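What follows is a single structure, written as structure tokens, with notes after it.
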Amino acid sequence: MRHHHIPAALERRVRKRARNRCEYCTLPQELQEATFHVDHVCPRLAGGRTAVENLALACVSCSLRKGARVTAQDPSTRVIAPLFNPRTQRWADHFSLMRAPKVIGKTAVGRATVLALAMNRPAVVAIRLAHMALGRLHPA
Ligand SMILES: [Zn+2]
């Protein structure tokens, strides 16, 4: 998937739409060394197309953890839930930064995705704290 060629113009559209942030964990590309990936929301293995309506900007960690997964277990209810889809769902409906620097899942989709993509791994929590200190991340 990440070896799949994305035309430069398409990548620019995806980056601009995402405002250069990971559409899963919200990490900004700014201050990150590794270039974020253009992720297939519906994986190519599952027939997902390389088209703007099936692409999302993802930080390297979210992208690698997501891979070809489309579901994960909600740790609260143990129900298997679909992973968050940034094209058809609204981030704020499923996640909260009220307890920033941690991302809290508000729904089965949100909780399953927080866990599956390790959105509160220590390195990203430290980066969120740094962005908060710079006034670039607002708990909401
Ligand atoms: Zn991410």
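Because the structure is a prediction, the values reported are computed rather than measured. Remember, it's 1-based here, ligands and their atoms both numbered in the order they're listed.
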Side chains of Phe36 and Leu27: does their closest heavy-atom pair fall under 4.5 Å?
yes
If you round to the nearest 0.5 Å, how far is CD of Gln32 from SG of Cys22?
10.0 Å
Everything protein-side that's N, O or S and under 2.8 Å from the Zn ion (ligand 1): list it, residue and atom.
Cys22 SG, Cys25 SG, Cys59 SG, Cys62 SG
His94 pairs by side-chain contact (heavy atoms from CB on, under 4.5 Å) with which of Val103, Val114, Thr113, Thr107?
Thr107
Would you say that His40 contacts Thr50 through its side chain, given a criterion of any heavy-atom pair below 4.5 Å between the two side chains?
yes
Just wondering, do Met119 and Arg128 contact through their side chains at under 4.5 Å, heavy atoms?
yes
Any heavy-atom pair between the side chains of Arg17 and Val52 that's under 4.5 Å?
yes
